[in-house]
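Right, one structure below, let's go through it.
Model, not experiment: these values are computed from the prediction.
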Amino acid sequence: MMIGRFVIVMISVLIGFSVSHAAEGEWSAERNGWSVRANQVNAQRYWVLRHDKHKTAIITVNLDARTDLPFAEAFERLKTEQGKLNNCPALVTAKAEPERDLADEALLAITKVKDPEAYAAMEKDLPVIGYDATDDYARPRCVLIAREYVGGGVLFGWIGDDSGKLAFNRSYLSDIVRKTIDDINARETPQAPAETQQTVVSCEGTETYANWVMSWSPKSAIVYARNPEFLDADKSKGKKLRFGFNVGGKVDPKNGRQDLYYSIYLAAQESGQGFAPQKSYIIVDSVLLQKWGVGGGQWAALEDNTVEALFSGRTAIMETKELGRFRFPLADLKAVLELADTNQQIAVAHAELGMCEQ
(Lines give C-alpha, C1' and ligand atoms only; values in the text may rest on other atoms or scores of the structure.)
Protein backbone atom coordinates (compact mmCIF):
# COMPACT_ATOMS: atom_id res chain seq x y z
CA MET A 1 0.00 0.00 0.00
CA MET A 2 2.88 2.37 0.73
CA ILE A 3 4.24 1.89 -2.77
CA GLY A 4 0.83 2.75 -4.18
CA ARG A 5 0.70 5.98 -2.21
CA PHE A 6 4.19 6.91 -3.43
CA VAL A 7 3.09 6.39 -7.06
CA ILE A 8 0.35 8.96 -6.44
CA VAL A 9 2.93 11.38 -5.04
CA MET A 10 5.39 11.00 -7.89
CA ILE A 11 2.69 11.28 -10.60
CA SER A 12 1.38 14.45 -9.03
CA VAL A 13 4.91 15.90 -9.04
CA LEU A 14 5.61 14.80 -12.61
CA ILE A 15 2.49 16.37 -14.13
CA GLY A 16 2.83 19.50 -12.03
CA PHE A 17 -0.53 19.47 -10.23
CA SER A 18 -1.15 19.32 -6.50
CA VAL A 19 -3.22 16.51 -5.08
CA SER A 20 -6.44 17.85 -3.68
CA HIS A 21 -6.18 16.20 -0.30
CA ALA A 22 -2.43 16.89 0.19
CA ALA A 23 -1.53 18.85 3.29
CA GLU A 24 0.58 21.42 1.43
CA GLY A 25 2.41 24.30 3.06
CA GLU A 26 3.63 22.37 6.11
CA TRP A 27 7.06 23.89 5.54
CA SER A 28 8.38 26.19 2.88
CA ALA A 29 11.83 27.74 2.59
CA GLU A 30 13.95 29.84 0.25
CA ARG A 31 17.73 29.50 -0.02
CA ASN A 32 19.97 30.69 -2.84
CA GLY A 33 17.04 30.77 -5.22
CA TRP A 34 15.77 27.31 -4.23
CA SER A 35 12.22 26.87 -2.95
CA VAL A 36 11.35 23.88 -0.76
CA ARG A 37 7.73 23.03 -0.07
CA ALA A 38 6.50 20.22 2.12
CA ASN A 39 3.53 18.09 1.09
CA GLN A 40 1.66 15.11 2.44
CA VAL A 41 -0.71 12.64 0.78
CA ASN A 42 -2.36 10.54 3.47
CA ALA A 43 0.66 9.32 5.48
CA GLN A 44 3.22 9.86 2.69
CA ARG A 45 5.39 12.92 3.28
CA TYR A 46 7.54 14.51 0.61
CA TRP A 47 9.24 17.81 -0.20
CA VAL A 48 9.49 19.39 -3.65
CA LEU A 49 12.55 21.47 -4.63
CA ARG A 50 12.40 24.03 -7.42
CA HIS A 51 14.72 26.61 -8.96
CA ASP A 52 14.16 28.85 -11.99
CA LYS A 53 17.55 27.86 -13.46
CA HIS A 54 16.94 24.13 -13.08
CA LYS A 55 13.46 23.71 -14.53
CA THR A 56 14.26 20.50 -16.39
CA ALA A 57 15.09 18.63 -13.18
CA ILE A 58 12.46 16.94 -11.03
CA ILE A 59 13.81 16.99 -7.48
CA THR A 60 12.04 15.63 -4.43
CA VAL A 61 12.92 14.48 -0.93
CA ASN A 62 10.73 11.67 0.36
CA LEU A 63 10.26 9.95 3.71
CA ASP A 64 10.30 6.17 3.76
CA ALA A 65 9.10 5.44 7.28
CA ARG A 66 9.76 1.70 7.10
CA THR A 67 12.21 0.55 9.77
CA ASP A 68 12.35 -3.17 9.06
CA LEU A 69 15.79 -3.19 7.38
CA PRO A 70 19.27 -1.87 8.22
CA PHE A 71 20.16 1.35 6.40
CA ALA A 72 22.34 -0.28 3.70
CA GLU A 73 19.65 -2.85 2.84
CA ALA A 74 16.93 -0.21 2.95
CA PHE A 75 18.85 1.81 0.36
CA GLU A 76 19.17 -1.23 -1.92
CA ARG A 77 15.41 -1.72 -1.65
CA LEU A 78 14.82 1.94 -2.53
CA LYS A 79 17.13 1.64 -5.56
CA THR A 80 15.04 -1.21 -6.87
CA GLU A 81 11.69 0.43 -6.14
CA GLN A 82 12.58 3.88 -7.46
CA GLY A 83 14.42 2.58 -10.51
CA LYS A 84 11.35 0.60 -11.58
CA LEU A 85 8.81 3.22 -10.54
CA ASN A 86 10.52 6.08 -12.39
CA ASN A 87 11.55 4.18 -15.53
CA CYS A 88 15.25 4.26 -14.68
CA PRO A 89 16.21 0.57 -14.89
CA ALA A 90 19.97 1.10 -14.72
CA LEU A 91 19.56 2.51 -11.22
CA VAL A 92 18.40 -0.88 -9.95
CA THR A 93 21.86 -2.42 -10.54
CA ALA A 94 23.89 0.77 -9.96
CA LYS A 95 26.53 0.64 -7.25
CA ALA A 96 25.59 2.21 -3.92
CA GLU A 97 28.30 4.74 -3.00
CA PRO A 98 28.69 5.26 0.76
CA GLU A 99 28.96 8.78 2.14
CA ARG A 100 31.09 9.53 5.20
CA ASP A 101 31.32 12.61 7.35
CA LEU A 102 33.55 15.19 5.69
CA ALA A 103 34.90 16.43 9.03
CA ASP A 104 36.02 12.90 9.97
CA GLU A 105 37.71 12.42 6.58
CA ALA A 106 39.47 15.79 6.86
CA LEU A 107 40.65 14.96 10.38
CA LEU A 108 42.19 11.75 9.03
CA ALA A 109 43.91 13.68 6.24
CA ILE A 110 45.30 16.32 8.60
CA THR A 111 46.50 13.72 11.12
CA LYS A 112 48.15 11.72 8.32
CA VAL A 113 50.25 14.77 7.48
CA LYS A 114 50.94 16.15 10.98
CA ASP A 115 51.21 12.99 13.08
CA PRO A 116 51.80 9.76 11.10
CA GLU A 117 52.08 7.70 14.30
CA ALA A 118 48.69 8.85 15.56
CA TYR A 119 47.25 8.31 12.07
CA ALA A 120 48.45 4.69 12.08
CA ALA A 121 46.43 4.04 15.23
CA MET A 122 43.25 5.78 14.02
CA GLU A 123 40.17 3.96 12.79
CA LYS A 124 40.16 4.20 8.98
CA ASP A 125 36.74 2.60 8.41
CA LEU A 126 34.63 5.68 9.10
CA PRO A 127 30.88 5.41 9.81
CA VAL A 128 28.57 5.67 6.80
CA ILE A 129 26.13 8.60 7.07
CA GLY A 130 24.45 8.21 3.69
CA TYR A 131 24.33 6.51 0.30
CA ASP A 132 23.90 7.65 -3.26
CA ALA A 133 23.58 5.93 -6.63
CA THR A 134 23.50 7.15 -10.23
CA ASP A 135 22.18 5.23 -13.21
CA ASP A 136 25.00 6.32 -15.58
CA TYR A 137 27.87 8.62 -14.56
CA ALA A 138 28.63 9.60 -18.17
CA ARG A 139 25.01 10.39 -19.12
CA PRO A 140 22.97 10.37 -15.93
CA ARG A 141 19.18 10.56 -15.97
CA CYS A 142 18.46 9.83 -12.34
CA VAL A 143 20.18 10.03 -8.96
CA LEU A 144 19.08 8.56 -5.64
CA ILE A 145 20.45 9.99 -2.38
CA ALA A 146 19.60 8.83 1.14
CA ARG A 147 20.33 9.56 4.76
CA GLU A 148 18.66 8.19 7.85
CA TYR A 149 15.65 10.08 9.20
CA VAL A 150 15.87 11.31 12.78
CA GLY A 151 12.41 9.91 13.50
CA GLY A 152 13.16 6.46 12.10
CA GLY A 153 13.30 5.29 8.52
CA VAL A 154 15.05 6.94 5.58
CA LEU A 155 14.89 10.33 3.89
CA PHE A 156 15.72 9.85 0.23
CA GLY A 157 16.18 12.41 -2.50
CA TRP A 158 15.29 11.78 -6.13
CA ILE A 159 16.79 13.79 -9.02
CA GLY A 160 15.42 13.05 -12.48
CA ASP A 161 16.36 14.92 -15.65
CA ASP A 162 16.15 13.67 -19.26
CA SER A 163 17.57 16.87 -20.79
CA GLY A 164 21.24 15.85 -20.56
CA LYS A 165 22.06 18.65 -18.11
CA LEU A 166 22.48 16.26 -15.19
CA ALA A 167 25.93 15.26 -16.48
CA PHE A 168 27.13 18.77 -15.61
CA ASN A 169 25.20 19.66 -12.45
CA ARG A 170 24.76 16.28 -10.72
CA SER A 171 27.21 17.11 -7.92
CA TYR A 172 25.67 20.53 -7.25
CA LEU A 173 22.08 19.23 -7.22
CA SER A 174 23.10 16.31 -5.00
CA ASP A 175 24.54 18.74 -2.46
CA ILE A 176 21.28 20.72 -2.49
CA VAL A 177 19.35 17.52 -1.75
CA ARG A 178 21.70 16.59 1.12
CA LYS A 179 21.35 20.06 2.64
CA THR A 180 17.57 19.77 2.41
CA ILE A 181 17.64 16.38 4.14
CA ASP A 182 19.83 17.86 6.87
CA ASP A 183 17.39 20.79 7.24
CA ILE A 184 14.47 18.39 7.63
CA ASN A 185 16.31 16.33 10.23
CA ALA A 186 17.39 19.49 12.10
CA ARG A 187 13.79 20.78 12.20
CA GLU A 188 12.43 17.49 13.46
CA THR A 189 15.09 16.57 15.99
CA PRO A 190 13.43 16.77 19.44
CA GLN A 191 15.17 19.15 21.83
CA ALA A 192 18.00 19.68 19.42
CA PRO A 193 20.97 21.29 21.19
CA ALA A 194 22.09 24.69 20.04
CA GLU A 195 24.46 24.49 17.12
CA THR A 196 28.04 24.90 18.21
CA GLN A 197 29.93 27.71 16.58
CA GLN A 198 32.17 26.64 13.72
CA THR A 199 35.85 26.89 14.52
CA VAL A 200 37.54 29.49 12.33
CA VAL A 201 41.24 29.27 11.53
CA SER A 202 43.72 31.15 9.36
CA CYS A 203 44.33 29.18 6.17
CA GLU A 204 47.23 31.24 4.86
CA GLY A 205 50.37 32.74 6.28
CA THR A 206 54.10 33.37 6.11
CA GLU A 207 57.03 32.36 8.30
CA THR A 208 60.61 33.59 8.11
CA TYR A 209 63.72 31.48 8.61
CA ALA A 210 67.43 32.32 8.36
CA ASN A 211 67.63 31.97 4.57
CA TRP A 212 64.00 31.55 3.58
CA VAL A 213 60.51 33.01 3.72
CA MET A 214 57.75 30.41 3.54
CA SER A 215 54.30 31.34 2.22
CA TRP A 216 51.25 29.07 2.01
CA SER A 217 47.51 29.10 1.34
CA PRO A 218 44.98 26.55 0.07
CA LYS A 219 46.13 27.46 -3.46
CA SER A 220 49.92 27.51 -3.16
CA ALA A 221 53.05 26.72 -1.18
CA ILE A 222 56.18 28.75 -2.01
CA VAL A 223 59.53 29.14 -0.28
CA TYR A 224 61.35 32.35 -1.22
CA ALA A 225 65.10 32.92 -0.90
CA ARG A 226 65.99 35.82 1.40
CA ASN A 227 68.43 38.38 -0.02
CA PRO A 228 70.01 36.42 -2.89
CA GLU A 229 73.49 37.80 -3.74
CA PHE A 230 73.72 39.32 -7.22
CA LEU A 231 77.00 38.55 -9.01
CA ASP A 232 76.57 40.69 -12.12
CA ALA A 233 76.01 44.26 -10.97
CA ASP A 234 75.73 45.64 -14.51
CA LYS A 235 72.67 43.48 -15.22
CA SER A 236 70.96 43.61 -11.82
CA LYS A 237 71.27 47.36 -11.21
CA GLY A 238 67.88 49.00 -10.62
CA LYS A 239 66.03 45.70 -10.65
CA LYS A 240 64.17 43.86 -7.92
CA LEU A 241 63.89 40.09 -7.74
CA ARG A 242 61.61 37.61 -6.03
CA PHE A 243 62.97 34.10 -6.31
CA GLY A 244 61.97 30.81 -4.74
CA PHE A 245 60.59 27.31 -5.16
CA ASN A 246 57.01 26.20 -5.73
CA VAL A 247 55.66 22.99 -4.22
CA GLY A 248 53.56 21.52 -7.03
CA GLY A 249 50.99 18.76 -7.40
CA LYS A 250 47.25 18.83 -6.74
CA VAL A 251 46.23 18.63 -3.08
CA ASP A 252 43.21 16.41 -2.41
CA PRO A 253 41.50 17.32 0.91
CA LYS A 254 41.12 13.65 1.81
CA ASN A 255 44.28 12.06 0.38
CA GLY A 256 46.86 14.84 0.55
CA ARG A 257 49.39 15.83 -2.12
CA GLN A 258 49.18 14.02 -5.44
CA ASP A 259 52.17 13.74 -7.84
CA LEU A 260 54.56 16.00 -5.90
CA TYR A 261 57.03 18.10 -7.91
CA TYR A 262 59.05 21.29 -7.47
CA SER A 263 59.52 24.24 -9.79
CA ILE A 264 61.27 27.61 -9.69
CA TYR A 265 59.39 30.82 -8.98
CA LEU A 266 60.86 33.95 -10.59
CA ALA A 267 59.39 37.46 -10.67
CA ALA A 268 61.25 40.73 -11.21
CA GLN A 269 60.54 44.43 -11.45
CA GLU A 270 62.29 47.31 -13.22
CA SER A 271 61.08 50.92 -13.17
CA GLY A 272 57.83 49.78 -11.66
CA GLN A 273 57.14 47.25 -14.42
CA GLY A 274 56.94 43.57 -13.57
CA PHE A 275 58.33 40.81 -15.76
CA ALA A 276 59.27 37.13 -15.60
CA PRO A 277 63.04 36.64 -16.07
CA GLN A 278 64.15 33.94 -18.49
CA LYS A 279 66.02 31.11 -16.74
CA SER A 280 69.35 29.99 -18.21
CA TYR A 281 70.87 27.43 -15.83
CA ILE A 282 71.34 26.44 -12.18
CA ILE A 283 74.58 25.31 -10.52
CA VAL A 284 74.86 23.59 -7.14
CA ASP A 285 78.29 23.42 -5.51
CA SER A 286 80.02 24.17 -8.85
CA VAL A 287 78.11 21.43 -10.73
CA LEU A 288 75.90 22.46 -13.65
CA LEU A 289 72.61 20.62 -13.11
CA GLN A 290 69.85 21.97 -15.29
CA LYS A 291 69.63 24.28 -18.31
CA TRP A 292 66.60 26.00 -19.77
CA GLY A 293 65.83 26.97 -23.32
CA VAL A 294 63.25 29.42 -24.62
CA GLY A 295 59.52 28.70 -24.56
CA GLY A 296 57.30 26.42 -22.50
CA GLY A 297 60.28 24.62 -21.02
CA GLN A 298 60.82 27.68 -18.84
CA TRP A 299 57.96 26.47 -16.64
CA ALA A 300 58.96 22.81 -16.49
CA ALA A 301 59.36 21.03 -13.15
CA LEU A 302 62.83 20.64 -11.71
CA GLU A 303 64.54 17.40 -12.63
CA ASP A 304 64.98 14.80 -9.88
CA ASN A 305 68.78 15.12 -9.80
CA THR A 306 68.46 18.91 -9.49
CA VAL A 307 66.09 18.55 -6.52
CA GLU A 308 68.40 16.06 -4.83
CA ALA A 309 71.38 18.38 -5.27
CA LEU A 310 69.46 21.39 -3.94
CA PHE A 311 68.43 19.41 -0.87
CA SER A 312 71.95 18.14 -0.11
CA GLY A 313 74.11 21.00 -1.40
CA ARG A 314 75.55 24.06 0.28
CA THR A 315 75.33 26.88 -2.27
CA ALA A 316 73.57 27.39 -5.59
CA ILE A 317 73.92 29.87 -8.43
CA MET A 318 71.03 30.73 -10.73
CA GLU A 319 71.53 32.60 -13.99
CA THR A 320 68.82 34.49 -15.82
CA LYS A 321 69.03 36.39 -19.09
CA GLU A 322 67.85 39.72 -17.68
CA LEU A 323 69.45 39.80 -14.22
CA GLY A 324 72.60 37.73 -14.71
CA ARG A 325 73.72 35.41 -11.92
CA PHE A 326 72.73 35.38 -8.27
CA ARG A 327 73.87 33.12 -5.46
CA PHE A 328 71.93 31.76 -2.48
CA PRO A 329 72.66 29.30 0.38
CA LEU A 330 70.78 26.00 0.53
CA ALA A 331 70.79 25.25 4.24
CA ASP A 332 67.37 24.05 5.50
CA LEU A 333 65.72 24.28 2.06
CA LYS A 334 64.36 20.73 2.17
CA ALA A 335 62.91 21.11 5.67
CA VAL A 336 61.23 24.42 4.86
CA LEU A 337 59.74 23.08 1.61
CA GLU A 338 58.37 20.04 3.42
CA LEU A 339 56.83 22.31 6.07
CA ALA A 340 55.28 24.51 3.36
CA ASP A 341 53.84 21.38 1.75
CA THR A 342 52.33 20.29 5.07
CA ASN A 343 50.87 23.73 5.76
CA GLN A 344 49.18 23.87 2.36
CA GLN A 345 47.67 20.41 2.80
CA ILE A 346 46.26 21.41 6.18
CA ALA A 347 44.92 24.66 4.66
CA VAL A 348 43.18 22.72 1.88
CA ALA A 349 41.54 20.40 4.42
CA HIS A 350 40.37 23.38 6.51
CA ALA A 351 39.04 25.13 3.40
CA GLU A 352 37.07 22.01 2.44
CA LEU A 353 35.41 22.15 5.87
CA GLY A 354 34.61 25.86 5.50
CA MET A 355 36.80 26.71 8.48
CA CYS A 356 38.95 29.42 6.85
CA GLU A 357 38.50 32.93 8.16
CA GLN A 358 37.26 35.38 5.57
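- Between the side chain of Gln290 and the backbone N or O of Glu303 there is at least one donor-acceptor pair closer than 3.5 Å.
- Proximity of a side-chain donor or acceptor of Asp135 to a complementary backbone N or O of Arg141 within less than 3.5 Å is detected.
- Hydrophobic clustering places Leu260 together with Ile264 (ILVMFWY residues linked when any side-chain heavy atoms are closer than 4.5 Å, directly or through intermediates).
- Side-chain contact between Leu173 and His54 is present, with heavy atoms from C-beta onward closer than 4.5 Å.
- Hydrophobic cluster of Val251: the remaining members, joined at side-chain heavy-atom separations below 4.5 Å, are Val348, listed by chain and number.
- Annotation: side chain of Thr320 is in contact with side chain of Phe326 (closest heavy-atom distance under 4.5 Å).
- The nearest pair of heavy atoms linking Asp161 to Ser163 is OD1-OG, 2.7 Å.
- The closest donor-acceptor contact from the side chain of Glu322 to the backbone of Gln278 lies under 3.5 Å.
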Exercise. Report the C-alpha distance between Arg139 and Asp136 in whole Å, list the side-chain angles of each, state the deciding distance to 0.1 Å, and finish with yes or no for salt bridge (charged side-chain N to carboxylate O under 4.0 Å, His left out).
Key: CA-CA 5 Å; Arg139 297 179 179 178; Asp136 184 340; over 6 Å; no
Determine all donor-acceptor pairs shorter than 3.5 Å in which one atom belongs to a side chain in residues 219-231; sequence neighbours excluded.
| residue | atom | partner | partner atom | Å |
| --- | --- | --- | --- | --- |
| Arg226 | NH1 | Tyr209 | O | 3.2 |
| Glu229 | OE1 | Arg327 | NE | 3.3 |
| Glu229 | OE1 | Arg327 | NH2 | 3.1 |
| Glu229 | OE2 | Arg327 | NH2 | 3.1 |

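- Here the two rings, on Phe328 and Phe243, have centers that are under 6.0 Å apart.
- Side-chain contact between Pro98 and Arg100: present, with at least one pair of heavy atoms (C-beta onward) separated by less than 4.5 Å.
- Closest approach of Leu91 to Cys142, counting heavy atoms only: CB-SG, 4.2 Å.
- The backbone N or O of Leu302 lies less than 3.5 Å from no partner atom in the side chain of Thr306, so there is not a single donor-acceptor pair.
- When side chains are defined from C-beta on, Val61 does not count as touching Tyr46, because their heavy atoms never get closer than 4.5 Å.
- Under a 3.5 Å cut-off, the side chain of Lys79 and the backbone N or O of Leu144 do not form any donor-acceptor pair.
- Summarising the geometry, atom CD belonging to Gln40 is positioned 9.5 Å from atom CG belonging to Leu63; distances are rounded to the nearest 0.5 Å.
- Asp341 contributes no side-chain N or O that, together with a main-chain N or O of Leu337, makes up a donor-acceptor pair within less than 3.5 Å.
- Note: Lys291 NZ to Glu319 CD = 10.0 Å, rounded to the nearest 0.5 Å.
- Checked against the 6.0 Å centroid criterion, the rings of Phe156 and Tyr131 do not qualify as a close aromatic pair.
- From Asp304, atom CG reaches atom OH of Tyr261 across 14.0 Å, with rounding to the nearest 0.5 Å.
- The side-chain heavy atoms of Ile184 and Leu155, taken from C-beta on, include a pair separated by under 4.5 Å.
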Practice problem: Would you sort out whether Glu99 and Arg178 count as a salt bridge (charged side-chain N to carboxylate O under 4.0 Å, His left out), showing the intermediate values? | Solution: CA-CA 11 Å; Glu99 177 196 1; Arg178 292 189 184 97; 3.6 Å; yes
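- Residues Ile282 and Leu241 are members of one and the same hydrophobic cluster, defined by side-chain heavy-atom contacts under 4.5 angstrom among Ile, Leu, Val, Met, Phe, Trp and Tyr.
- At least one side-chain heavy atom of Glu207 sits less than 4.5 Å from a side-chain heavy atom of Leu339.
- Closest of all the heavy-atom pairs between Ala74 and Val154 is CB-CG2, 4.2 Å.
- When all heavy atoms of Pro277 and Ala268 are compared, the pair lying nearest together is CG-CB, 3.6 Å.
- Centroid-to-centroid, the aromatic rings of Phe311 and Tyr262 come within less than 6.0 Å.
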Practice problem: Start with the C-alpha gap between Thr315 and Leu330, add the side-chain angles, then the distance that decides, and say whether side-chain contact (heavy atoms from CB on, under 4.5 Å) holds. | Solution: CA-CA 5 Å; Thr315 304; Leu330 296 173; 5.7 Å; no
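- A donor-acceptor contact shorter than 3.5 Å is absent between the side chain of Asn185 and the backbone of Tyr149.
- Other residues, nucleotides and ligands contribute over 12 non-hydrogen atoms within 6.0 Å of the CD atom of Gln258.
- Here the side chains of Asp182 and Arg147 are in contact, with some heavy-atom distance below 4.5 Å.
- Atom CZ in Arg77 sits 6.0 Å away from atom CD in Glu81 (nearest 0.5 Å).
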Exercise. Would you sort out whether Glu338 and Lys334 count as a side-chain contact (heavy atoms from CB on, under 4.5 Å), showing the intermediate values?
Key: CA-CA 6 Å; Glu338 289 177 346; Lys334 180 180 180 181; 3.1 Å; yes
Exercise. Carefully, step by step, assess Val247 and Arg257 under the rule side-chain contact (heavy atoms from CB on, under 4.5 Å).
Key: CA-CA 10 Å; Val247 183; Arg257 179 82 60 182; 3.5 Å; yes
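- Closest approach of Gly157 to Ile181, counting heavy atoms only: N-CD1, 4.3 Å.
- Follow the hydrophobic side-chain contacts under 4.5 Å out from Trp216 and you never reach Ile346; the two are in separate clusters.
- Surrounding CG of Asp68 are more than 12 heavy atoms belonging to other residues, nucleotides or ligands, all under 6.0 Å away.
- Applying the side chain to side chain donor-acceptor pair (under 3.5 Å) definition to pairs two or more places apart or across chains, those involving residues 230-251 are Asp232-Arg325.
- Val143 and Tyr137 fall into different hydrophobic clusters, where Ile, Leu, Val, Met, Phe, Trp and Tyr residues are linked whenever their side-chain heavy atoms come under 4.5 Å apart, directly or through other members.
- Considering CH2 of Trp34 and NZ of Lys179, their distance stands at 11.0 Å, rounded to 0.5 Å.
- With rounding to the nearest 0.5 Å, the separation of CD1 in Ile59 from CH2 in Trp47 is 16.0 Å.
- For Thr60 (side chain) and Asn62 (main-chain N/O), no donor-acceptor pair under 3.5 Å exists by modelled atom type.
- Using a 4.5 Å heavy-atom cutoff, the side chains of Leu333 and Asn211 are not in contact.
- Side chain of Asn39 to main chain of Arg37: a donor-acceptor pair is present (N/O by atom type, distance under 3.5 Å, no hydrogens or angles).
- No path of Ile, Leu, Val, Met, Phe, Trp and Tyr side chains, each step under 4.5 Å between heavy atoms, connects Leu69 with Leu78, placing them in separate hydrophobic clusters.
- Contact between Pro218 and Gln344 at its shortest, heavy atoms only, is O-NE2, 3.4 Å.
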